Amino acid sequence: MASVHTHEHSIERELECVSQVPIFQRLSSEQMTSVAQVTRPIHAEKGGAVFSTGEVSQTLYIVNQGQVRLYHLAEDGREQVLRVLNPGDFVGEIALFTDEIHASYAEATKTTELCTISRAALTALIKKLPPLSMALLGALVDRLKAAEHQATLLAIPDALPRLAGYLQELTGHTTGTIDLPMSKQDLAAYLGMTPESLSRKLRQLATSGIIETIGRRQVKVTDSIKLSELAPS
């Protein structure tokens, strides 16, 4: 973790960070300040490890600026992307409930600033701020749903329905332009595909008039009905 550096604590910076996180947004200004006071910033350069598999998880990590990807390494060395964290996203809440060992790697995909809260500090906050415990439970439920959705997609043998289902989820089953929340390389790993296979399937959808690709990170769904016909039911 030599690539992660601690920054000087700044209440203004930490308030900016925690105010982005849904689990804190229902708190009062005074309560939000209580959270910011126990928050500490760290900085990671592109490619730097935030944490690695096998390390003890005792910290909640919140992305303030930049992006972090979580991934497993398969036995053959291939990466399986689990999630990509953008500003306001967080990881490590499991540490509140158990002495968990990280089973994944977290790596900055660009220059990234995170704010961190220790297990002891967050446990004390939950006792002090009852609304926070309910918000955390809600976040865990959402995380479980997302993991189940990814597992469902990965169980589909054909890559095209897998991709169609993912795009349909992003668009909310409508037409329109969406920003991909991760690079195409990470998206391929998330969907259990090679980057080459992902490119072929995107071209196939574009040739069929179902989508248009705009630049490197945008997709425009032009025919949601055809997309839903391809997506798993």
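Note that this is a predicted model, so its numbers are computed, not measured. These values consider heavy atoms only, across backbone and side chains, with no hydrogens, waters or symmetry-generated copies.
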Side chains of [X] and [Y]: does their closest heavy-atom pair fall under 4.5 Å?
X: Q58; Y: S118; value: no
X: I101; Y: S57; value: no
X: V91; Y: L70; value: yes
X: Q168; Y: S228; value: yes
X: S29; Y: M32; value: no
X: Q20; Y: N64; value: yes
X: Q65; Y: E16; value: yes

Following the transitive rule for hydrophobic clusters with a side-chain heavy-atom cut-off under 4.5 Å over Ile, Leu, Val, Met, Phe, Trp and Tyr, establish whether [X] and [Y] coincide in one cluster.
X: M182; Y: I211; answer: yes
X: L205; Y: L187; answer: yes
X: I178; Y: L160; answer: yes
X: L198; Y: V221; answer: yes
X: V56; Y: F90; answer: no

* Pick from Y61, Y105, Y71: which one makes a ring-ring contact (aromatic ring centres under 6.0 Å, His included) with F51? ->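 Testing F51 for a ring-ring contact (aromatic ring centres under 6.0 Å, His included) against Y61, Y105, Y71 leaves exactly one candidate, Y61.
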
Identify the heavy atoms of [X] and [Y] that sit nearest to each other, and give their distance.
X: G88; Y: P22; value: O-CD, 3.9 Å
X: R13; Y: P41; value: NH1-CG, 3.9 Å
X: P232; Y: L153; value: CG-CD2, 4.5 Å
X: A159; Y: K201; value: CB-CE, 4.0 Å
X: V38; Y: A121; value: CB-CB, 3.9 Å
X: A189; Y: Q80; value: O-NE2, 2.9 Å

More than 12 heavy atoms from other groups under 6.0 Å of [atom1] on [X]:
X: I225; atom1: CD1; value: no
X: R78; atom1: CZ; value: no
X: K184; atom1: NZ; value: yes

* What side chain to side chain donor-acceptor pair (under 3.5 Å) pairs are there with at least one residue in residues 136-152, not counting sequence neighbours? ->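 Qualifying pairs, neighbours excluded: E93-R143.
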
Within the side chain of [X], is there an N or O that forms a donor-acceptor pair under 3.5 Å with the backbone of [Y]?
X: D158; Y: P161; answer: no
X: Q67; Y: T112; answer: no
X: T207; Y: Q204; answer: no
X: T174; Y: T171; answer: yes
X: T222; Y: G209; answer: yes

* Considering the options L230, L202, L227, which one meets the side-chain contact (heavy atoms from CB on, under 4.5 Å) requirement together with L163? ->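 That would be L202.
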
* Among L27, L122, I23, whose side-chain contact (heavy atoms from CB on, under 4.5 Å) with V35 holds? ->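 The option that passes is L27.
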
* Given the rule in the side chain to side chain contact (heavy atoms under 4.5 Å, CB included) test, do V68 and V84 qualify, once you have shown the distances and angles that lead to the verdict? -> CA-CA 6 Å; V68 172; V84 171; over 6 Å; no

[atom1] of [X] to [atom2] of [Y]: how many Å apart, nearest 0.5 Å?
X: C115; Y: E14; atom1: SG; atom2: CD; value: 6.0 Å
X: L114; Y: T59; atom1: CG; atom2: OG1; value: 11.0 Å
X: H102; Y: S52; atom1: NE2; atom2: OG; value: 9.0 Å
X: Y166; Y: L180; atom1: OH; atom2: CG; value: 6.0 Å
X: T39; Y: I117; atom1: OG1; atom2: CD1; value: 3.5 Å
X: S199; Y: R203; atom1: OG; atom2: CZ; value: 6.0 Å

* To do: Would you kindly say whether S183 and Q185 are connected by a side-chain donor-acceptor distance under 3.5 Å?
  =>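 The answer is no; no qualifying pair exists.
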
* **Donor + acceptor pair across side chains of T177, Q218 (<3.5 Å)** =>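 No, because no side-chain N or O of T177 sits under 3.5 Å from a partner of the opposite role on Q218.
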
* **Residues Y190, L82; criterion side chain to side chain contact (heavy atoms under 4.5 Å, CB included); working and verdict** => CA-CA 6 Å; Y190 178 82; L82 306 173; over 6 Å; no

* CA sep, side-chain torsions, deciding dist, call: C17, I62, side chain to side chain contact (heavy atoms under 4.5 Å, CB included) -> CA-CA 7 Å; C17 184; I62 304 167; 3.7 Å; yes

* To do: Mind jotting down which residue pairs meet the salt bridge (Lys or Arg N to Asp or Glu O under 4.0 Å) criterion with at least one end in residues 62-75? Sequence neighbours excluded, please.
  =>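 Output for this query lists R69-E79, R69-E107, R69-D186.
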
* Verdict with reasoning, E30 to S28, per side chain to side chain donor-acceptor pair (under 3.5 Å) -> CA-CA 5 Å; E30 183 179 350; S28 67; 5.4 Å; no

* Is there a side chain to side chain contact (heavy atoms under 4.5 Å, CB included) between I214 and V219 once you walk through the steps? -> CA-CA 6 Å; I214 306 171; V219 172; over 6 Å; no

